[in-house]
Amino acid sequence: MNPQVQSYNNDPQDWSWPFWPALPLYPYGRKRTLCREVVKDTIWTFDQVQGILYTVVPIRMTVIKLNAGGLLIYAPVAPTKECVRLVNELVAQHGEVKYIILPTSSGLEHKIFVGPFARKFPHAQVFVAPHQWSFPFNLPLSWLGFPQNRTQVLPEDPTQTPFADEFDYAVLDINLGRGSFVEVAFLHRRSHTLLVTDAVLSVPAEPPAILELEPYPLLFHARDNAGQVIEDNPANRRQGWQRISLFAIYFRPSALGLTEWGQMWRDALKAPDHSAKAYFGFFPFRWQENWQQSFAALSANGRPFVAPILQVLILPQAPKKVLNWADTVAQWNFQQIISCHFDSPFIASPEQFRQAFTFLENNSVDSDNQALLAEDLRFIKELEANLLKQGIATPPREKV
């Protein structure tokens, strides 16, 4: 599928996001938006970028045209002038924003935009996933900027919503003690499209279009050492993206080595670029020759998978509940998935979606196409062990 790129604006003032200190992620106060039509006259995705230390990935909002006119928004992004203008172009053609959905309780990178986005569309009803929480203090949603008179929790029974004639949804709700992990999967029946937040991902071999607009992070991570000059070409963009993906998914993939402090300082002195943009020449990463093997196992031709942080730390807390939720979703009739991160939309069947959760089953049989490489999971496994030792995390439940 080659989604049609709608438009983007070249005026930097329209990219401004002054509230970035509330969640200080790159690119901070400058967020570009890329709108793509993925189902003709029916579904559009709005991509922005977020990350740390140039490890950047897309964050995505989905807009769906309703049969009776008007729009439903799933997982809002930052309502910059550019973003609001692009949404208003759809409003002019298809009717006002009627519903705004926050499909997670734990994803701060999604939650933080809902209040500001809702204020730009004052007639929209806001529906949020259950068991919302905040840290360090559990504050009312109205204190977090949600419009008090038009915000409500998604009903347990989907038929009780005003959009029930077009959508099914299923709520995964895991109590983690200090808060809940909640994921609400939506099915748009007419287009056979499944919407998820973080539950499953697909990692493409080529960099997403939103990252191509400002490719410096791709080129920064394409280098093998601090002495290399940053060169912009398709091969470097692709290499940078694939390494960024390994960073973002595993935090410390097995093929990544870190340079000792002394050597890093010596390398920085010899670097060709000492600007702040280039982190003053510091580049502590050393990639082993087999790093592409790790990426090939991760990407696996775009097959859907569950992110390791969820596989290890979150979903094993309630394996039966997760599998029941996955079974419910797998009964729906969908042909593609739109996730809030990495690639979207990607072709996937209900069977492929369900297969992504077999790691929670005792009788599962891993294969090269299903399992992530064990050595790449090592850092997250060690993180889990440390959290268990400190009493921050609880031991996983037995597999089903």
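All values derive from a computational prediction rather than experimental measurement.
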Can you tell me if CZ on Arg252 sees more than 12 non-hydrogen neighbours from other groups inside 6.0 Å? no

For Ile52, does the CD1 atom sit with more than 12 other heavy atoms under 6.0 Å from it, leaving out its own atoms? no

Report yes if the side chains of [X] and [Y] come closer than 4.5 Å at any heavy-atom pair, otherwise no.
| X | Y | value |
| --- | --- | --- |
| Phe353 | Trp332 | no |
| Pro208 | Phe342 | no |
| Gln48 | Arg32 | no |
| Trp44 | Lys65 | yes |
| Leu71 | His94 | yes |
| Phe295 | Gln293 | no |
| Gln336 | Val39 | yes |
| Ile59 | His341 | yes |

I'd like to know if [Y] and [X] are part of one continuous hydrophobic network [Ile/Leu/Val/Met/Phe/Trp/Tyr, side-chain heavy atoms within less than 4.5 Å].
| X | Y | result |
| --- | --- | --- |
| Leu256 | Met264 | no |
| Leu53 | Phe280 | no |
| Ile249 | Leu258 | yes |

Enter the distance from Ser245:OG to Leu298:CG here, rounded to the nearest 0.5 Å. 6.5 Å

State the CZ-CD distance between Arg150 and Gln148, to the nearest 0.5 angstrom. 12.0 Å

Pair Arg378, Glu382 - check salt bridge (Lys or Arg N to Asp or Glu O under 4.0 Å), show working. CA-CA 6 Å; Arg378 186 177 300 122; Glu382 292 173 353; 5.1 Å; no

Determine whether the aromatic ring centres of [X] and [Y] lie less than 6.0 Å apart.
| X | Y | value |
| --- | --- | --- |
| Tyr169 | Phe167 | no |
| Trp265 | Phe282 | yes |
| Tyr279 | Phe220 | yes |

Pair Asp198, His110 - check side-chain contact (heavy atoms from CB on, under 4.5 Å), show working. CA-CA 11 Å; Asp198 302 305; His110 304 287; 4.1 Å; yes

Applying the side-chain contact (heavy atoms from CB on, under 4.5 Å) test to Phe46, which of Thr62, Leu90, Ile73 qualifies? Leu90

Pair Glu82-Thr80, side-chain donor/acceptor within less than 3.5 Å: no

Return yes if a side-chain donor-acceptor contact under 3.5 Å exists between Gln132 and Ser105, otherwise no. no

For Gln331 and Asp327: C-alpha separation, side-chain torsions, deciding distance, then whether side chain to side chain donor-acceptor pair (under 3.5 Å) applies. CA-CA 6 Å; Gln331 292 174 11; Asp327 286 338; over 6 Å; no

Between Tyr26 and Thr55, does the side chain to side chain donor-acceptor pair (under 3.5 Å) criterion hold? Intermediate values first, please. CA-CA 9 Å; Tyr26 179 90; Thr55 301; over 6 Å; no

Does Arg60 form a side chain to side chain donor-acceptor pair (under 3.5 Å) with Thr45? I'd like the steps, not just the answer. CA-CA 7 Å; Arg60 181 173 298 111; Thr45 57; 4.7 Å; no

Run the salt bridge (Lys or Arg N to Asp or Glu O under 4.0 Å) test on Glu231 and Arg237 for me, step by step, so that the C-alpha distance in whole Å, both residues' side-chain angles and the decisive distance to 0.1 Å come before the verdict. CA-CA 9 Å; Glu231 297 183 3; Arg237 291 189 180 200; over 6 Å; no

With Asp173, which residues qualify under salt bridge (charged side-chain N to carboxylate O under 4.0 Å, His left out), at least two apart? none

What pairs with Asp165 under salt bridge (charged side-chain N to carboxylate O under 4.0 Å, His left out), at least two apart in sequence or on another chain? none

Which pair of non-hydrogen atoms, one from Val306 and one from Ala199, has the smallest distance, and what is that distance? CG2-O, 3.5 Å

Ile43 vs Val63, side-chain contact (heavy atoms from CB on, under 4.5 Å): CA-CA, chis, key distance, verdict: CA-CA 6 Å; Ile43 300 181; Val63 180; over 6 Å; no

Derivation and outcome, side-chain contact (heavy atoms from CB on, under 4.5 Å), residues Val84 and Phe121: CA-CA 9 Å; Val84 172; Phe121 299 95; 4.2 Å; yes

Given the ring of Phe163, does Lys98 sit roughly above its face, with NZ or CZ under 6.0 Å from the centre of the six-membered ring and within 45° of the axis? no

Is there a side-chain contact (heavy atoms from CB on, under 4.5 Å) between Ser294 and Ser254 once you walk through the steps? CA-CA 8 Å; Ser294 289; Ser254 61; 3.9 Å; yes

Does a side-chain N-to-carboxylate-O contact under 4.0 Å join Glu214 and Arg30? yes

In this structure, which one of Trp287, Phe379, Trp291 forms a ring-ring contact (aromatic ring centres under 6.0 Å, His included) with Phe247? Trp287

Verdict with supporting geometry, Glu206 and Arg238, salt bridge (Lys or Arg N to Asp or Glu O under 4.0 Å): CA-CA 6 Å; Glu206 298 293 331; Arg238 184 183 311 111; 2.7 Å; yes

